[in-house]
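Structure, as structure tokens:
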Amino acid sequence: MPEANTWMMTRRAGLAGALALPLASPWASREAQAQQGGLVEVGTNGWLFPIWDRVNRVDMAAVRSAVQTVTETIGILRAGRIQVAILLIPSRKRMMRQYLPAGTQIAPEAAQRFTLTLSECTRAGAVVPDLDAVFRAQMQRDPAHPLFFKTDTHWTPMGAEVAAVEMARMMRERMQLPASPRPGTRLGDLRPMQLAAGDLVQHLPAAQRGAYGPEQSLVRQILPPEGAGALIEDDSYDTVIVGTSNVQPRFGFQPVLSNQLVRPVGLSWKPNNQGTYFALLDYLRSDAFKQQRPRALVWNFLEQDMVNTSNNPTWGTGAIAPAEFLNQVRRAVA
């Protein structure tokens with residue numbers, strides 16, 4: 001059994017009870033306050049939240065448009081004999097709603113961003129873990145190890161580990177991946193990790209930043225290969241992760257997924273301001289893809305980004321019209 005099957009790995013997460021919604025207050029006054037304070041809303045117990053994750057109202061037409069682009073992409077990849085998994089990370093703001101500013105209202109459509117994306121991507125043939133349910137169950141079971149940082153938009157390594165274990169479990173059950181001739185990443189104990197400054201602190205007025213210090217989490221130790229595998233210099237893999245900054249190496253999603261799948265796993269990521277659509281195109285155009293087409297591809301999305309299709313101005317130079325994006329995916333996969 002892989003080394004990472006520790007206290008967190010051996011439990012199956014179940015559905016947890018829904019959290020109670022905070023009392024509502026008029027959005028207009030909250031939005032005005034947010035504009036005065038910049039891009040950050042100050043919650044309770046030291047929590048900061050980005051205003052760009054809109055939970056009081058959600059454009060479901062925009063969500064459906066984005067989901068259509070994603071599901072068509074899944075179809076293209078599967079037609080090219082690439083099995084697809086979608087790593088859909090739940091909204092940090094929605095998951096940690098108990099720490100939102102008093103009076104914050106969460107619209108029912110906010111949860112539908114996640115459930116609609118999950119159901120439609122599953123219908124399109126992708127493996128999509130229900131990380132909303134998994135995270136809720138884990139937070140109730142072990143509140144001492146947060147799955148998200150208080151002052152940063154990213155998950156903690158603990159959140160990444162929980163997600164990687166569930167993703168690997170579903171991939172083993174639902175994908176036809178042959179046994180790998182090479183082992184997965186060897187993992188050891190949990191060790192402390194310090195986040196020097198959360199990325200939301202920089203958006204606060206200068207006079208308030210000093211109130212927020214470093215944050216700590218735990219991250220899985222990566223061990224060197226042993227035995228015959230230690231003598232092989234081979235960077236080939238048949239499974240790859242493509243996404244944005246939550247899957248970057250420092251949070252540990254890749255090594256835990258590799259450990260749990262018992263096979264090497266590649267990684268190609270871009271900063272989130274370039275977007276996950278651009279990240280996928282960049283990978284599909286790369287020499288790595290041309291030389292080594294994967295059997296399985298794990299594509300990373302943030303729930304709150306599901307209101308943005310591939311041509312949203314949010315992505316800057318990475319924005320591309322959906323039809324052209326799909327055409328370029330077809331050309332790259334073909």
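Here, residue 1 is the first one in the sequence, and each next residue gets the next number.
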Is the backbone of [Y] close enough, under 3.5 Å, to the side chain of [X] for a donor and an acceptor to pair up by distance?
{"X": "N259", "Y": "T185", "value": "yes"}
{"X": "R293", "Y": "R81", "value": "no"}
{"X": "R186", "Y": "P225", "value": "no"}
{"X": "S286", "Y": "Y283", "value": "yes"}
{"X": "W299", "Y": "V84", "value": "no"}
{"X": "T156", "Y": "P146", "value": "yes"}
{"X": "T151", "Y": "V201", "value": "no"}
{"X": "R209", "Y": "Q202", "value": "yes"}
{"X": "D152", "Y": "D199", "value": "yes"}
{"X": "K93", "Y": "P50", "value": "yes"}

First locate atom [atom1] of [X], then atom [atom2] of [Y], and finally report the distance between them rounded to the nearest 0.5 Å.
{"X": "L257", "Y": "M171", "atom1": "CG", "atom2": "CE", "answer": "5.5 Å"}
{"X": "S180", "Y": "R295", "atom1": "OG", "atom2": "CZ", "answer": "10.0 Å"}
{"X": "T122", "Y": "D130", "atom1": "OG1", "atom2": "CG", "answer": "9.0 Å"}
{"X": "M306", "Y": "L88", "atom1": "CE", "atom2": "CG", "answer": "7.0 Å"}
{"X": "L297", "Y": "L284", "atom1": "CG", "atom2": "CG", "answer": "7.0 Å"}
{"X": "Q304", "Y": "F114", "atom1": "CD", "atom2": "CZ", "answer": "11.5 Å"}

Next on the checklist: When you compare the side chains of E303 and T117, does any donor N or O come within less than 3.5 Å of an acceptor on the partner?
Outcome noted: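 Side chains of E303 and T117: no pair found under 3.5 Å.
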
Checklist entry - Do P255 and L187 have side-chain heavy atoms sitting under 4.5 Å apart? => result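 The answer is yes, as the side chains (C-beta and beyond) meet within the 4.5 Å cut-off.
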
Checklist entry - Would a 4.5 Å heavy-atom cut-off, applied to side chains only, mark P101 and V42 as touching? => result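 A side-chain contact under 4.5 Å is absent here.
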
Item to check | Check against side chain to side chain contact (heavy atoms under 4.5 Å, CB included), F278 and I320 | outcome: CA-CA 8 Å; F278 176 77; I320 180 173; over 6 Å; no

Item to check | Parallel, tilted or perpendicular: rings of Y99 and W47 (30°, 60°) | outcome: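 It falls in the parallel class, under 30°.
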
Next on the checklist: Can you tell me how the ring of F149 sits relative to the ring of F251, calling it parallel under 30°, perpendicular over 60° and tilted otherwise?
Outcome noted: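 Rings of F149 and F251: tilted, 30 to 60°.
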
Next on the checklist: Is there a side chain to side chain contact (heavy atoms under 4.5 Å, CB included) between Q83 and T239? Walk through the geometry before answering.
Outcome noted: CA-CA 9 Å; Q83 300 178 83; T239 301; over 6 Å; no

Item to check | Cationic N near anionic O, under 4.0 Å, E109 to R113 | outcome: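 A salt bridge is absent here (no side-chain N lies under 4.0 Å from a carboxylate O).
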
Item to check | Salt-bridge contact D53-R92 (side-chain N to carboxylate O under 4.0 Å) | outcome: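 No.
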
Checklist entry - Can you tell me if CZ on R174 sees more than 12 non-hydrogen neighbours from other groups inside 6.0 Å? => result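 Atom CZ in R174 is not crowded, with 12 or fewer foreign heavy atoms closer than 6.0 Å.
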
Next on the checklist: Under the rule for salt bridge (charged side-chain N to carboxylate O under 4.0 Å, His left out), what residues qualify as partners of K270, not counting sequence neighbours?
Outcome noted: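 Partners of K270 by the salt bridge (charged side-chain N to carboxylate O under 4.0 Å, His left out) criterion, ordered by chain and then number, come out as D282.
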
Item to check | From N273, T276, N272, D305, residue fulfilling side-chain hydrogen bond (donor to acceptor under 3.5 Å, both in side chains) relative to T244 | outcome: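 Answer to the side-chain hydrogen bond (donor to acceptor under 3.5 Å, both in side chains) test with T244 among N273, T276, N272, D305: N272.
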
List the atom pairs, with distances to 0.1 Å, where a side-chain N or O of residues 71-79 and a protein N or O form a donor-acceptor pair under 3.5 Å, not counting sequence neighbours.
| residue | atom | partner | partner atom | Å |
| --- | --- | --- | --- | --- |
| T71 | OG1 | V67 | O | 3.1 |
| T71 | OG1 | Q68 | O | 3.0 |
| E72 | OE2 | Q68 | NE2 | 3.1 |
| T73 | OG1 | T69 | O | 2.7 |
| R78 | NH1 | A124 | O | 3.3 |

Checklist entry - Which atom names give the shortest non-hydrogen contact between A279 and G243, and what distance separates them? => result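 Minimum heavy-atom separation between A279 and G243: CB-O, 3.5 Å.
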
Checklist entry - Do you know which two heavy atoms are closest between N312 and A319, and how far apart they sit? => result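 Closest pair (atom of N312, atom of A319, distance): O-CB, 3.5 Å.
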
Checklist entry - What do the steps show when you test E324 against S310 for side chain to side chain contact (heavy atoms under 4.5 Å, CB included), and what is the final call? => result CA-CA 9 Å; E324 181 58 24; S310 60; over 6 Å; no

Checklist entry - When you look at D132 and R94, which way does the side chain to side chain contact (heavy atoms under 4.5 Å, CB included) test go after all the steps? => result CA-CA 10 Å; D132 185 286; R94 190 170 58 77; 2.7 Å; yes

